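Take a look at the structure below.
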Amino acid sequence: MADLLSHVLIAYALLTAASWLIEPLTHRWVAVGMGGAAIPDLVKLELLVDEGVIQRTLDIPFEYDPIGSLAGVLLIAGVITLLFTHERRRVYTLLVTGGTLSLVGDGLRAYADGHASFWLYPFWWRPPTPSLYVTSDPRVLASTLVVAVAVALVDRYLVDTTGSD
Amino acid sequence: MHTAVRVFVAALLLAVVAGAGVHYDVAEPTHWPYPTDDDLAEAYEPAVGEPALLFGDVQSVDPTDNTAVITVEHDTGEFDLRVTNLDTSVEPGGTIQVYGTLQPDYTIAARSTVVVNPAGSSTTYKYAVSALGALLVLIYFFRQWQVDRDTLGFVPRGD
């Protein structure tokens, strides 16, 4: 997947820009959306506990991959929502929005056969991909950085945020 | 909502995530249109002539005849595969995806390739940048939210 920093920056840029039009979407909620954007990256838990270890220890088939899919985002956003005590519906909406942005971004990555990974699991296995980029390409991060900084500057100096938090 | 209820529902949701992990592993082969790396490790020759999409770490590259040797990892081990018609530039230590037709003797005639990591250092780059991302999201989040000890949940800062 695109790196976690790109995911978080893309969510920041898009949600902050959306906040200029949508009154209740304040910085506090942009922060929740950015957290949601990190959900698919929890698939990297495999670096801590290899799925092979789980398979052998429990003697069951197992893969982490669903964490980095739509199913994972919908479920894990639910778990994180329970860490909040107020306005859970809005928390969940923002988490899922952020997570979906990351999944869509990852769905555009290059695959040699033109079909993406299982990001829409369990609804659609391997949808087509336009193969726009690979994560290791530094231009991916460079462009998201430029956009995020531009958005931050506009948000700070050009947008009237009086009354927002 | 009572804390015990929240913990229970959260555990339930996590159990469904774990269940999805099991379902995924069982269902994946039926949704993968090519022989898998495990299939090829078990019996290679029956798959000759079929298309396949494989991921591997580059061992060596021979630019004179556009070939490379990659190591493909599977569930229980790894095997080496010769890639012909390589149309991309990659260094040993890098990672590529190869889509092509399987040839005899662990060889694949590439129809298209994607360089996932041009060199071994790309993985370090991705992890370093991702660690920065984790830090950024934590800092940004906790500037807006804090943990309320009474209700054991996040509440907006400054309220």
Side-chain angles (χ1 to χ4, degrees), chain A residues 3-9 11-12 26-32 34-35 37-38 41 44 47 51-52 54-55 60-67 69 71-72 75-76 78-80 82-86 88 91 109-115 118 121-122 125-126 131 134-138 141 165, chain B residues 1 6-7 9-10 13-14 16-18 20-28 31-34 51 53 75-76 95-100 110-118 122-123 125-127 129-134 136-137 140-145 148 151-158:
Chain A
D3 59 87
L4 177 51
L5 184 53
S6 298
H7 283 160
V8 169
L9 291 176
Y12 167 79
T26 55
H27 290 138
R28 162 185 306 170
W29 295 105
V30 171
V32 175
M34 288 164 71
D41 291 272
K44 289 296 171 203
L47 296 175
E51 49 205 10
I54 295 180
Q55 290 167 3
I60 49 163
F62 182 79
E63 300 272 351
Y64 282 113
D65 299 51
I67 295 175
S69 74
L75 291 165
I76 294 169
V79 176
I80 300 174
L82 290 165
L83 299 175
F84 288 76
T85 47
H86 297 92
R88 288 209 184 95
V91 169
R109 278 174 310 161
Y111 272 81
D113 69 340
H115 287 271
F118 301 129
Y121 166 86
W125 299 72
R126 306 212 67 212
S131 289
V134 293
T135 303
S136 61
D137 188 341
L141 177 58
D165 48 307
Chain B
M1 209 188 289
R6 285 161 63 201
V7 172
V9 177
L13 288 171
L14 288 174
V16 179
V17 175
V22 174
H23 169 259
Y24 182 95
D25 199 17
V26 174
E28 185 191 0
H31 294 275
W32 187 256
Y34 318 115
L53 172 65
D75 269 359
T76 51
T95 310
I96 58 172
Q97 295 178 14
V98 184
Y99 177 61
R111 209 176 302 167
S112 74
T113 48
V114 169
V115 178
V116 179
N117 296 325
S122 313
T123 314
Y125 161 79
K126 286 198 253 191
Y127 290 161
V129 162
S130 290
L132 266 180
L136 176 72
V137 78
Y140 198 90
F141 182 83
F142 282 105
R143 278 181 59 192
Q144 308 286 339
W145 298 84
D148 179 59
T151 54
L152 293 176
F154 295 126
V155 291
R157 223 170 242 286

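Below, read A as the first sequence line, B as the second, and so on, with proteins coming before strands; counting in each chain starts at 1. The figures here come from the full heavy-atom set of this structure, side chains too, leaving out hydrogens, waters and symmetry mates. Just so it is clear, the model here is predicted, and its values are computed rather than measured.
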Is the shortest heavy-atom distance from the side chain of A/H86 to the side chain of B/D148 under 4.5 Å?
no
Verify, without hydrogens or angle tests, whether A/E63 (side chain) and B/Y24 (backbone) share a donor-acceptor contact under 3.5 angstrom.
no
Rounded to the nearest 0.5 Å, how far does CD1 of A/I76 lie from CG of B/L14?
7.5 Å
Ranked by heavy-atom pairs below 4.5 Å to chain A, first place among B/S122, B/A10, B/A20, B/G100 goes to B/A20
Do the side chain of A/W125 and the main chain of B/W32 share a donor and acceptor less than 3.5 angstrom apart?
no
A/L141 versus B/Y125: any side-chain heavy-atom pair under 4.5 Å?
yes
Side-chain touch B/Y127/A/L47, heavy atoms, less than 4.5 angstrom:
yes
Gap separating the CZ atom of A/R109 from the CD atom of B/Q97, nearest 0.5 angstrom:
9.0 Å
In terms of heavy-atom proximity below 4.5 Å to chain A, should B/Y34 be classed as side chain, backbone, both, or neither?
side chain
Side chain, backbone, both or neither: which part of A/V79 has a heavy atom under 4.5 Å from chain B?
both
Shorter than 4.5 Å, heavy atoms on both sides: which option in A/Y64, A/Y12, A/F62 has the most such pairs with chain B?
A/F62
Heavy-atom side-chain proximity of B/V115 to A/V134 below 4.5 angstrom:
no
Of the listed A/A11, A/A110, A/P66, A/P138, the one with the largest count of heavy-atom pairs under 4.5 Å with chain B is A/P66
Could you check whether any side-chain heavy atom of B/V9 comes within less than 4.5 Å of a side-chain heavy atom of A/L82, counting everything from C-beta outward?
yes
A/Y121 and its side-chain hydrogen bond (donor to acceptor under 3.5 Å, both in side chains) partner, picked from B/H31, B/E28, B/H23
B/H23
Side chain, backbone, both or neither: which part of A/L75 has a heavy atom under 4.5 Å from chain B?
both
Check A/T85 against B/G153 and note the closest heavy-atom contact, atom names and distance.
CG2-CA, 3.9 Å
To the nearest 0.5 angstrom, please state how far the CD atom of B/Q144 sits from the CE atom of A/M34.
9.5 Å
B/L136 side chain reached by A/L9 side chain, heavy atoms, under 4.5 Å
yes
Please classify the contact between B/A27 and chain A as side chain, backbone, both or neither, with a heavy-atom cut-off of under 4.5 Å.
both
Would a 4.5 Å heavy-atom cut-off, applied to side chains only, mark B/R6 and A/R88 as touching?
yes
Which is it for A/V32 and B/F141 under the side chain to side chain contact (heavy atoms under 4.5 Å, CB included) test, yes or no, and what are the steps along the way?
CA-CA 7 Å; A/V32 175; B/F141 182 83; 4.1 Å; yes
Would you mind reporting whether B/Y140 and A/V8 have side-chain heavy atoms less than 4.5 Å apart?
no
Report which part of B/L152 has an atom under 4.5 Å of a heavy atom belonging to chain A: side chain, backbone, both, or neither.
backbone
Best-contacting candidate, B/V7, B/L13, B/T123, against chain A by heavy atom pairs under 4.5 angstrom:
B/L13
Let me know if A/I54 has heavy atoms under 4.5 Å from chain B in its side chain, its backbone, both or neither.
neither
Proximity breakdown for A/E51 and chain B, heavy-atom pairs closer than 4.5 Å
neither
Checking the side chain of A/S136 only, and the main-chain atoms of B/V116 only, is there a donor and an acceptor separated by less than 3.5 Å?
yes
Please report the shortest heavy-atom distance between A/Y111 and B/L53, naming the atom on each side.
CD2-CD2, 4.4 Å
Decide if the gap between the ring center of B/Y99 and the ring center of A/H115 is smaller than 6.0 angstrom.
no
